[in-house]
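Reading through the structure tokens given below for one structure.
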2 protein chains.
Amino acid sequence: MKIIRTPRRYAPSLLTALLLLFSTFAGGTETGKKPYLDITQKLLKKGLTEEGAFVILKKITSLGHRLTASPQAAAAVELMKQEMEDLNLDNVHLEPTRVQRWVRGKEEAVLISRMFGISPLTVCAIGGSVPTLEKGVTARVIEVFSMDELRKLGDQVNGKIVFFNRPMDPTMMETFRAYGRAADQRVNGASEASSFGARAALVRSLTTRFDDVPHTGLMQYAPGIKKIPAACISTMGAEYLSSCLKEDPDLRVNLKLSCASRGSVISYNVIGQITGCEKPEEIILVGGHLDSWDKGTGAHDDGAGCVHALEALRLIKECGLNPKRTIRAVMFMDEEFGGTGGRDYARAPQREHERHLAAIESDRGGFLPLWMGVGGDENTFERLKKWEYLFKPLNMIGIRRGGGGVDIGPLAEHGTVLMGLIPDCQSYFDLHHSDNDVLAAVHPRELELGAVACAVWCYVLAQEGLTP
Amino acid sequence: MKIIRTPRRYAPSLLTALLLLFSTFAGGTETGKKPYLDITQKLLKKGLTEEGAFVILKKITSLGHRLTASPQAAAAVELMKQEMEDLNLDNVHLEPTRVQRWVRGKEEAVLISRMFGISPLTVCAIGGSVPTLEKGVTARVIEVFSMDELRKLGDQVNGKIVFFNRPMDPTMMETFRAYGRAADQRVNGASEASSFGARAALVRSLTTRFDDVPHTGLMQYAPGIKKIPAACISTMGAEYLSSCLKEDPDLRVNLKLSCASRGSVISYNVIGQITGCEKPEEIILVGGHLDSWDKGTGAHDDGAGCVHALEALRLIKECGLNPKRTIRAVMFMDEEFGGTGGRDYARAPQREHERHLAAIESDRGGFLPLWMGVGGDENTFERLKKWEYLFKPLNMIGIRRGGGGVDIGPLAEHGTVLMGLIPDCQSYFDLHHSDNDVLAAVHPRELELGAVACAVWCYVLAQEGLTP
């Protein structure tokens, strides 16, 4: 692409300075046909010039991963608190939440033994899995593509390793939907397999990419079930194992995991706000989760969401905006492992004196923002949809139904309208819960646009409220 | 982000098969409220399942860069012709175009000499530049931010190296606009500087990123002007040089370039089509340019555009669609250097028997597609805008004014309506004309969505035409 033009001048001039000055004073009023458009432009320009979200994300990811209950998660709590203090946010504090500690341990290995030798696969334990014995589990493997298929096999899986190999459906534009339809294997696969006497579960990684990177995530053991070890192999490894099984259905696999649960520790949600100047008790919350998986550095999941929230408040504050209602950033702890941070936040005694009108969760990565998702009843949605034009300068499609998540979900009990930032999701599952989720996978401008979208939305809601 | 659901089944079933079968027969008719929506879904599903665009792009980029007149460009011509033949496209042929040969040569270097020693900067010659003498140009440096500033300095730049250091404006959402406003430095900077007696030009790379990667591109010498060498330094290098100049305005810079022009060679546009079954002489053209700069491998610029076009035809053909009008893919040669491919295509004698209704250029990279740009008069635009709903399943914003480019521009003489695919542009200039423009910077699904958008649009235009 080439653009050739006759020379034009672009340099800050007195005129530009005057225009900027003017827009500073004109901002925030409801005069003009399209209220808040001037403020949106101002937030956008400041964001794109400074790229503050990326600056904070660099600090967060430099700590390493932030697995719930890990030392790095504790460091991240302290970092975010300090960042909020340095920004002069109001009411900066920590709220405790008890979280489970699980460690991956030293060894993770899968070996396929066939007539012609031994092949290793890359592997990672699924979060919450029990370990194997030191020598591992060695058993024949049975491949299934659905829970129904497993149930039909019934006792045939007894003594074997069950290999769940259903791919994410690549034809779905909404990759989150495809993920939702494949995630039962990782979450419940081991329990289901155990109920028929299986000795371990191997699960195809939940990603649309064909590569050799395994993706972890959470699993749950059904109450009373015998806990068997469970691990994810890469999509490439899964295809390879599948083809090996076609050649030699009697092959043996040896799985070794040394992960372990180690009780619980106290961790924290990190909270800071711009207190509303007219209705301080009415709160617009924006947040993400500070914990991550122990693969990669949780840059998109959910470092991006945390910095979306923090940068939104920075932009609002440093643009000199004075919201009527309180805009609060919350970095939730433990979304990935138990969701305790979100539950404890909603149930903390402080909440009794507060009224959370809306909560915006950003937990879909730092990609190009496309929509603001809005829950609540149809009337509320229609009323808020009138602000859609504010997202046009950000090249977003607009406002659609959606929102909510593990962290803010418990606030629904208080009548809070749940919302969420919805960015482009085409590459999210390439990196989700894997070693690919690092700072280099984040684009500073795309990340910043998400923060600007949150800033605009928080400010409009803080000024206008949600009721007519 | 975590999603936990109760198990659901996802597997091809008899019902799914029947539904697919039904959609095959229902496709293409104008029955129903939203014509072509079924076909759009079909093209989308096939594209996302097969990711064919990425497969071809991998082949193209494996050849290396494809600088006009280079051996690699010749290889790319042959590769694309073979790909079209293997696809059983109609009328596969080459059309000649004479292109200029310019080579970068062995040496490119910039050394800053100051009191405290010598610092090297990363650098690349601007395309078309003359070389320096073997010992290079050594001179004092004068920094400017605009052509106006240069003209005001006038004879003060005599005997010096002019350093153009105006950044791309980061506050513009449309990075192409920011590029357009900064590109005069690279294109005309050397000529303007030469007119005041300067000995060479150094230009800040045109990118929104702050890194140490120089970006090349085209320059032009004004007729009769003394040709002086010109090179781009990275944004980081530019900031460094600027700060050095503040400390020591008398510092010397030595610039060495061994690039050279080497006459011209014959190269080719590569053409293939699905011939229309009712109005074969009426053509909907879709294309990109096959040449690239000699930095990186031209994966986004414009390998992406070429594979958008070729994959669009593959999808249409392999979905069994039979367009009424001809859908033609053209891989233009020499967009970057002289634009001869586009001009020669429009003026070739074969065009006399053809009627190009519309031409769609894809030359903005393989990122997430956001709009289809449509030129032509207001009536045509309004008429075509009714098809906007077809882009919704692709999560695109819709149809907007825009389109055209160096390759298809000359077709405007024939009354062709110029169009263009408009993807997300936030990271395009990170990699444009630089070593960053490689396959690893392309996401297979985002790339494919661009191809699907082209396929849908070509097919609708081929069926419906552009007039009422």
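Reckoned from all heavy atoms, side chains included, excluding hydrogens, waters and symmetry mates. Letters A, B, ... mirror the listed sequences (proteins, then strands); counts begin at 1.
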Where is the tightest heavy-atom contact between A/Thr175 and B/Arg445, given as atom of each residue plus distance?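 Looking at all heavy atoms of both residues, the shortest contact is CG2-NH2, 3.6 Å.
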
Greatest number of heavy atom pairs closer than 4.5 Å to chain B - which of A/Asp407, A/Leu368, A/Thr208: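 Going by pairs under 4.5 Å, I would pick A/Leu368.
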
Mind checking whether A/Leu370 and B/Leu370 have side chains closer than 4.5 Å, heavy atoms only?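 With C-beta onward as the side chain, the pair touches.
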
Would you say B/Leu48 and A/Met172 make side-chain contact, with heavy atoms under 4.5 Å?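 In short, these two side chains do not touch, never coming nearer than 4.5 Å.
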
Need one label for A/Glu149: side chain, backbone, both or neither, based on atoms under 4.5 Å from any heavy atom in chain B.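 When you check distances to chain B, no heavy atom of A/Glu149 falls under 4.5 Å.
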
Is A/Trp293 close to chain B through its backbone or its side chain, or both, or neither, when contacts mean heavy atoms under 4.5 Å?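 Contact with chain B is absent: no heavy atom of A/Trp293 under 4.5 Å.
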
Quick check: are there more than 12 heavy atoms from other residues, nucleotides or ligands sitting under 6.0 Å from NZ of B/Lys58?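 Count not over threshold, so no.
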
Please report the interatomic distance [atom1]([X]) to [atom2]([Y]), rounded to the nearest 0.5 Å.
X        : Y        : atom1 : atom2 : value
B/Met173 : A/Lys392 : CE    : NZ    : 12.0 Å
B/Thr171 : A/Gln41  : OG1   : CD    : 9.0 Å
A/Glu51  : B/Arg209 : CD    : CZ    : 7.5 Å

Side chain from CB out, backbone as N, CA, C, O: work out which of these in B/Pro444 comes under 4.5 Å of a heavy atom of chain A, or both, or neither.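 Both parts, heavy atoms under 4.5 Å.
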
